Amino acid sequence: MDKIVIEGGNRLNGEIEISGSKNAALPILAASLLADGCCTFHNIPNLVDVYTIKKLLISLGAEIDEGDPLRINAGNIKSCLASYDLVKTMRASILVLGPLVAKMGRARVSLPGGCAIGARPVNLHLKALRALGAQIEIKDGYVEAVSKRLRGTTIFFDISTVTGTENIMMAAVLAEGTTVLENAAREPEVINLAEVLNGMGAKIRGAGSDVITIEGVSSLMPAEAAVIPDRVEAGTFMIAAALTGGNVKLLNCRSSHIESLVTKLREAGVSVEQVGGGIEVSGSGQVMSVDITTLPYPGFPTDLQAQMMVLMTGAKGISVIRETVFENRFMHVNELMRMGADILIDGNRAIVKGVERLKGAQVMATDLRASASLVLAGLVAKGTTELSRVYHLDRGYEKIEGKLSRLGANIKRVRE
Ligand code: EPZ
């Protein structure tokens with residue numbers, strides 16, 4: 001297994017290209033199941049999770065022509081089975097459920113297990129599919145769904161769920177009649193998916209708001225579309241620039257997708273400017289403590305909570321960070337405390353008191369964003385930080401050590 005070794009203390013300076021969004025690419029690739037023919041997608045990131053969903057789509061009968069743009073023809077599906085061995089490695093595989101039921105009238109998809117950050121049930125996905133008229137049974141750990149033709153209806157999501165909104169939007173595009181999703185997720189990735197589906201001939205209105213209306217159509221054509229930049233990767237690198245007191249220009253990203261982070265960084269005394277083609281971040285040495293509460297979009301993203309916590313470990317004052325989206329997303333805290341951070345957990349709140357400087361240590365990644373936060377901590381810690389289980393990192397960051405070393409970080413990947 002690989003590990004990442006970092007010598008802390010270097011400022012990050014220079015320009016970096018942000019990759020396509022993992023959380024937009026996954027539903028968009030699943031949406032290819034709905035089109036009669038070959039779709040062309042630009043800016044698909046080269047990530048383990050993207051590799052996994054491509055493997056799943058191929059197992060269903062899709063043909064993929066790798067490259068940028070990527071071409072995928074999922075018009076001749078031969079199987080409706082998403083097996084446990086694939087789904088267990090990536091819970092977002094559940095995103096094939098809606099399209100398969102809509103297009104094929106049936107699906108057998110393994111229930112995703114829990115994961116490090118929480119139970120992450122899919123009950124709301126299933127409840128909504130039943131409301132659309134699908135017969136759903138849970139047998140031997142699989143969701144077995146059957147439906148002649150789904151019928152449009154009004155669906156209220158008890159909790160704002162990103163992949164739940166995406167799954168049901170993809171189920172509804174071929175349903176008979178109109179479907180209204182209330183309390184829908186408003187994330188930019190939902191908007192990107194709706195744009196792709198409308199490019200295929202779907203009739204979706206309101207994506208980006210909490211009420212999405214979908215008028216069912218009889219079939220969808222192949223589309224050509226681009227995946228939006230990854231706002232979580234962008235946010236991670238913005239925090240890295242602030243943390244190291246450097247000056248970094250992020251190319252090909254939109255500050256409008258991470259307004260909440262931009263606001264918080266400015267509150268903390270970091271300079272963030274929208275410049276031609278991207279965002280410029282300049283760290284000014286001393287950062288002030290700020291309070292964070294994670295919320296569904298447009299609130300502060302839970303996927304940037306761990307990274308922001310690292311910035312707060314060296315800030316002046318005390319920061320209260322509340323995690324309201326997932327029940328167990330403080331797995332990085334113990335590792336940061338082993339590096340000398342002063343953090344007290346109180347339920348879903350982490351009280352972070354700024355310290356002079358973290359100290360390098362051997363640390364272990366537990367989930368995707370926790371591992372990113374430990375890389376950030378290593379960038380500023382005194383001495384050497386060794387991060388093991390970097391496979392978590394590779395799920396959601398494209399060549400992170402290469403991008404960081406090009407900005408001046410002393411970071412390398414070694415075989416353990
Ligand atoms: C998406 O996960 C993202 N993944 C996550 O990113 C992100 O953290 C999350 O949204 C929140 O923004 C992808 O888009 C592939 P949810 P998702 O359904 O859709 C509860 C990353 O690091 N819930 O919005 O699975 C759930 O337990 C990943 O890139 C139910 O109770 O998240 C959670 O507490 C991590 N029942 C809350 O809703 C359901 O049926 C929000 O989850 C569905 C969700």
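All ligand and atom numbering here is 1-based and tracks the order in the structure. For the numbers below, each heavy atom of this structure counts, side chains included, while hydrogens, waters and symmetry mates do not. We're numbering straight along the sequence, starting at 1. A quick note: this is a predicted structure, and the numbers were derived from the prediction, not measured.
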Write out the residue and atom name of the closest protein heavy atom to atom 2 (O) of ligand 1, then the distance separating them to 0.1 Å. R120 NH2, 3.3 Å
Could a heavy atom of A185 be found less than 4.0 Å from some atom of ligand 1? no
Name the residue from V363, T313, V355 that meets the side-chain contact (heavy atoms from CB on, under 4.5 Å) definition with M339. V363
Just checking E259: does its CD atom have more than 12 heavy atoms from other residues, nucleotides or ligands closer to it than 6.0 angstrom? yes
Below 4.0 angstrom from a heavy atom of K22, which ligand 1 atoms are there? Numbered from 1 as shown, please. 21 (C), 29 (O)
Under 4.0 Å from one or more heavy atoms of I159, ligand 1 contributes atoms 31 (O), 38 (O)
Residue R329 vicinity, atoms of ligand 1 by number, heavy atom under 4.0 Å: 8 (O), 22 (O), 35 (C)
Which of these passes side chain to side chain donor-acceptor pair (under 3.5 Å) with T236: R231, Q307, R369? Q307
Ligand-residue contact atoms, ligand 1 with P121, heavy atoms, under 4.0 Å: 27 (O), 30 (C), 31 (O), 36 (N), 39 (C), 40 (O), 43 (C), 44 (C)
To the nearest 0.1 Å, how far is atom 11 (C) of ligand 1 from its closest protein heavy atom, and which atom is that? T302 CG2, 3.8 Å
Identify, for atom 22 (O) of ligand 1, the protein heavy atom at the shortest distance, and state residue, atom and that distance. R369 NE, 2.9 Å
Ligand 1 atoms in contact with H125 (distance to a heavy atom under 4.0 Å): 40 (O)
Aromatic Y297 / basic R186 pairing, under 6.0 angstrom, 45° off normal: no
Do T294 and R322 pair up side chain to side chain, a donor and an acceptor below 3.5 Å, judged on atom types alone? no
With a 6.0 Å cut-off (strictly less than), is the heavy-atom count around OH of Y84, excluding the residue itself, greater than 12? no
Do ligand 1 and T161 have nitrogen or oxygen atoms that lie under 3.5 Å from each other? yes
Among E398, E233, E17, whose side chain to side chain donor-acceptor pair (under 3.5 Å) with K403 holds? E233
Could you list the atoms of ligand 1 found under 4.0 angstrom from a heavy atom of S160? 24 (O), 41 (C)
Protein contact to atom 36 (N) of ligand 1 [nearest heavy atom, distance to 0.1 Å]: N123 OD1, 2.7 Å
If you have a sec, work out which protein heavy atom is nearest atom 3 (C) of ligand 1 and how many Å separate them, to one decimal? N23 ND2, 3.7 Å
Compare all side-chain heavy atoms of T385 with those of V5 and state whether any distance is below 4.5 angstrom. no
Under a 4.0 angstrom heavy-atom cut-off, which atoms of ligand 1 come close to L124? 36 (N), 39 (C), 40 (O)
What is the distance from atom CD of E189 to atom CD1 of I228, rounded to the nearest 0.5 Å? 4.5 Å
Give a yes or no answer on whether the side chain of N348 reaches the backbone of T324 with a donor-acceptor pair at less than 3.5 Å. no
Which pair of heavy atoms, one from I77 and one from A62, lies closest together, and at what distance? CD1-N, 4.3 Å
Numbering the atoms of ligand 1 from 1, which are under 4.0 Å from a heavy atom of V325? 33 (C), 34 (O), 37 (C), 41 (C)
If the contact criterion is a heavy-atom separation under 4.0 Å, does E323 count as touching ligand 1? no
Assess whether atom CZ of R338 is packed by more than 12 heavy atoms of other residues, nucleotides or ligands within 6.0 Å. yes
Among protein heavy atoms, which sits nearest to atom 32 (O) of ligand 1, and what does the distance come to when rounded to 0.1 Å? F326 CZ, 3.9 Å
Nearest non-hydrogen protein atom, atom 8 (O) of ligand 1: D303 OD1, 2.6 Å
Closest protein heavy atom to atom 1 (C) of ligand 1, given as residue, atom name and distance to 0.1 Å: V162 CB, 3.9 Å
